[in-house]
J.: 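Quick one: structure below, then a few questions.
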Amino acid sequence: MASLSPPCTLFTTAAAAQTAVSSNSSPQPRFAKPSYFFTHAKTSPSFRVSCNARNGEQNMKNDSEGKVDRRNMLFGLGGLYGAANLASNQLATAEPIKPPELDKCGTATNLNTGEKLDINCCPPTTQRIIDYRLPPVRYMRTRPSAHRVTPEYIFKYNMAIDRMKRLPADDPRNFMQQANIHCAYCNGAYDQPGQGTLDLQVHNSWLFFPFHRWYLYFYERILGKLIGDPTFALPFWNWDNPKGMTMPPMFVDPKSALYDEKRNQSNLPPAVIDLGMTGNTDTLQVVTNNLTIMYTEMIRGNQTAEDFMGNPYREGTEPNPGPGASERGSHTAAHVWVGDPRQPSSENLGNFYSAGRDPLFYCHHANVDRMWTLWQYFLPSNKVPDKKITDPDFLNAAFLFYDENKQLVRVTVKDCLDNLRMGFDYERIDLPWLDYRPPPQTARARVIKTTSDAPLASTIFPVTLDKIIRVQVPKAKKGKADELLVLENIEVDTTKFLKVDVFVNDEDDNINELDKASYAGTYAQVPHKTNKKANKTSIRLKLTDLYDDMDIEDDDTVLVTLVPRHQGGGITIGGIKIIEAPATKSS
Ligand code: C2O
């Protein structure tokens, strides 16, 4: 249960840490631009390379919060399930999601047609499952930015993927077998063990980051093993930086093992990724929108850890309780942007069952995972106060994967919370969105609201979003308070790409520009079919900065505009309300 502690070294300065990581991890030096540390050192004082330093710090913090402290002690002793009862303010009666029963894996379902997929997504079954223990970290795998890799790196990566494709079809490490992991966990092939026909689903909840981290972890180790390189690290698609906003060049060479022809041909380089999916054709505006989206989903729009990570999902409960800001935002957009409109269901990346068939998927998800590490360890805690989920149903949720030695292993969420303990890190790249708070819009916002004749929210919901909707929503409180805008009882057609942007006191024009204070956030989904009906989801958008920048905190109501970016209906919002933000646990 408890894993061995890797041999860790405590680095006291970021520069020392970076040098040390580079020197033992990777054949080509990948030094951070010095400016990264100078620019960000102040706001992120705790550059933590040492796993001891991280864990030590966590424990010290927890000591001041009795409840968390006691639970952590129990985890250390292995009293995992009993620990659930200590969390009095949480749902203590539930249990964590259990790993699937592979021998009960069923057929996955195709999108659009609603028919069985022509492939079997199920992995090979085996008798022996072992509890995975993180091996000691001998080599740090430093994941490079995909736009900055050397020809030698591309050669190695290619060779590794090529070998993965040539493995016997029934080898669980084979390329299609690996792709099918995603299909099985995402397209209704697994039920929650012992819970009737309740789907096991790893998206649209707090399991999103942990599942994909483990998935990439084994994928990376398999690739490294196939080329005999224990330092091999997946590249990340640096779509949060203007220098990385095109499809990384190594993936678009038709002769490469990294190539996939099922991609949107209009979005090959030099097309710039449109994380806002607004269809805006002005490249500079698209870049500006992208940076605003990153700032909003990483910092401005979240009150609690779950707002970023996703809503709780426990055994015996319906799947898809609600995605976090990152999952529904940049993550979804990149899937949809790459998916091929010539294919019936936007294969490969535009649909969960096929996404893993495009090598770019793992590069995209490396950046998604990088966002999690940045959010955990680099964002200043005055801006993101609550970074940890301590709920045992989160920490003890488990998955199954085949490791690089074809051994089926059971892994838990709590073992994947620290990337350094898992032996991988990311190349340091500047974060241009870090200070990208939209400019204030005070006077205008007031005029817009007072002249609006939009109906009150209480009179029109539920509403199907097939056009722009404007409603007046009462604030929770007059004056200065942290408030959240809640879109509740969202019912979606899971087979469709859907996206809705939310604005507060916005004017009628320029809905394709997001770099303004009135942009509050986004709901979006990648199509995925489960053969059972989807349940209702809700999302929360933090309004604190927005109130400041629009000068509307003293008003009684605000004007909320919902802008659908997809064609037709497919999404119904049950209601909108503004609530006072719950207190955050600071981490
Ligand atoms: Cu499991 Cu990006 O999807």
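Just so you know, ligand 1 is whichever comes first in the structure, and atom 1 is the first atom listed for that ligand.
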J.: Under 2.8 Å from atom 1 (Cu) of ligand 1, which protein atoms of type N, O or S occur, listed by chain and number?
T.: H182 NE2, H203 NE2, H212 NE2
J.: L408 versus P124: any side-chain heavy-atom pair under 4.5 Å?
T.: no
J.: For N/O/S atoms only: which one belongs to H331 and is nearest atom 2 (Cu) of ligand 1?
T.: NE2
J.: Does the distance from a Lys or Arg side-chain N to an Asp or Glu carboxylate O, for K542 and D307, drop under 4.0 Å?
T.: no
J.: Examine the side chains of N367 and D369 and answer whether a donor and an acceptor come within less than 3.5 Å of each other.
T.: no
J.: Which atom name would you report as the N, O or S atom of H335 nearest atom 2 (Cu) of ligand 1?
T.: NE2
J.: How many angstroms lie between CH2 in W237 and NE2 in H147, if you round to the nearest 0.5 Å?
T.: 8.0 Å
J.: Between F361 and H182, is a ring-ring contact (aromatic ring centres under 6.0 Å, His included) present by the stated rule, with each step listed?
T.: CA-CA 10 Å; F361 169 87; H182 201 254; 4.8 Å; yes
J.: Has the side chain of D391 got a donor or acceptor atom that lies under 3.5 Å from a matching backbone atom of D393?
T.: yes
J.: Taking both backbone and side chain into account, is any N, O or S atom of H364 nearer than 2.8 Å to atom 2 (Cu) of ligand 1?
T.: no
J.: Between D501 and K499, does any NZ, NE, NH1 or NH2 come within less than 4.0 Å of an OD or OE carboxylate oxygen?
T.: yes
